[in-house]
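In what follows, a single structure is set out as structure tokens and then discussed.
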Amino acid sequence: MTSKELIQIEDKYGAHNYHPLDVVITRGQGVWVYDVDGNKYLDFLSAYSALNQGHCHPRLVAIMKEQAEKLTLTSRAFRNDQLPLLCRELCETTGFDRVLPMNSGAEAVETAIKAARKWGYKVKGVEKDKAEIIVFANNFHGRTTTIVGFSTEEQYKDGFGPFTPGFKVVEYGNIEALRQAMTENTVAVLIEPIQGEGGIIIPPQGYLEQIQDLCQEYNSLFILDEIQSGLGRCGKLFAFQYENVQPDGVIIGKALSGGLYPVSAFLAKEEVMNVFNPGDHGSTFGGNPLGSAVAREALKILVEEDLPQRAYEMGEYFVEKLRTIRSPHIKGVRGKGLLIGLELVAKAGGARRFCEALEKEGLLCKETHETVIRFAPPLIITKEDLDWAFDKIKRIMETL
Ligand SMILES: *Cc1c(COP(=O)(O)O)cnc(C)c1O
């Protein structure tokens, strides 16, 4: 079937909760994808950082096939032989004490929220139903009703209330705003070290250390959502490693499975994770042997292929090149590792038309908010492929 036919079918039978570019992909390998009409594209979005290891990494495909033929699901009613090893390898690689596996990112965020609240009541001694979690303007933590309830994006909330109480929103990057919001009932501060969906917003250097200090002062947990920024994307295993902090918990997902299978996790210090008792929380598919085997291999690939360092070097290289483009449309370029935002001036007419023009050139990227184009290729990308992409971007920026 052609792209046109498939798009018509999707429009007729699917819910209209997305506005994708009209490219119908049928195959992917490494940084390249192919549509049903035979066109080839460079993937410069990586499924929002779920494909840090690239499309269909041969090691991941092999392990997935192997595990699929052996055992896929036990539920947590029984044990399996992959989950224990995933937990140990995650702890050894990241320095956290314990792991709670889930599937989607939003579920792992919900897990962190439940852990923080229960820790607040059982360990910190907050009065029943008084726990507060502080979050930040422009945040993105997923799409459940609780999580959209503390979004500041009107569209994410419109029509979905009433919302879960117990969240306070403060300005991102402003430590004084956070200080004023902290109280004895603050059980946690939940933050993205770089706001990805928010437009690749990088807070001032030292901000995370200041947050950690406030959390210590108020005996609150410091929890980072690294679902997009983590696992190498920003040039280190975690984006928080650009500062001297050790959060109480971190949420990961996306690249944890290299794009083959939904796997997410909440990683935490012992005293946080110990609030969970049997029956408190769970998921039928969370920690299943298929996902665990894939995640183990995806993690090994990140380490053995040194992908965080690659992202660091390629990111420096590419940002520097982007800054040489002279175009009246460009307001600025910012990024860490291979999470890069190109911000357009207000009168450029929005980022989407640039993404559509780049698609025609064979480069797939996506606007985030109205005026920012996000560049986030798989971390395995070579200099040659970055140069190829750069030529396309330069031409569109100079001619559109
Ligand atoms: C993608 C994302 C989520 C949600 O993950 P899902 O798997 O889509 O539920 C949460 N937080 C951040 C920072 C993300 O980028």
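These numbers come from a predicted model, not from an experiment. Residue numbers count from 1 along this sequence. For ligands, and for the atoms within them, numbers begin at 1 and follow the listed sequence.
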Worksheet item: Run the ring pair (Phe, Tyr, Trp, His ring centres under 6.0 Å) check on Tyr48 and Phe140 step by step: do they pass?
Response: CA-CA 12 Å; Tyr48 304 96; Phe140 185 82; 8.5 Å; no
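A parallel orientation is assigned to the rings of Phe276 and His281, their planes being inclined by less than 30° (bins at 30° and 60°).
Relative to the ring axis of Trp32, Lys40 places its NZ or CZ within 45° and under 6.0 Å from the centre. Judged by the 6.0 Å distance and 45° axis criteria, Lys269 is not positioned over the aromatic ring of Phe96. Cation-pi geometry between Lys321 and Phe390 is met: the NZ or CZ atom falls under 6.0 Å from the ring centre, inside 45° of the normal.
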Atom pairs and distances, ligand 1 N/O vs protein N/O under 3.5 Å:
{"residue": "ligand 1", "atom": "7 (O)", "partner": "Gly105", "partner atom": "N", "Å": "2.8"}
{"residue": "ligand 1", "atom": "9 (O)", "partner": "Gly105", "partner atom": "N", "Å": "3.3"}
{"residue": "ligand 1", "atom": "9 (O)", "partner": "Ala106", "partner atom": "N", "Å": "2.8"}
{"residue": "ligand 1", "atom": "11 (N)", "partner": "Phe140", "partner atom": "O", "Å": "3.3"}
{"residue": "ligand 1", "atom": "11 (N)", "partner": "Asp225", "partner atom": "OD1", "Å": "3.4"}
{"residue": "ligand 1", "atom": "11 (N)", "partner": "Asp225", "partner atom": "OD2", "Å": "2.7"}
{"residue": "ligand 1", "atom": "15 (O)", "partner": "Gln228", "partner atom": "NE2", "Å": "2.8"}
{"residue": "ligand 1", "atom": "15 (O)", "partner": "Lys254", "partner atom": "NZ", "Å": "2.7"}

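In this structure, Phe150 has its ring center at least 6.0 angstrom away from the ring center of Tyr156.
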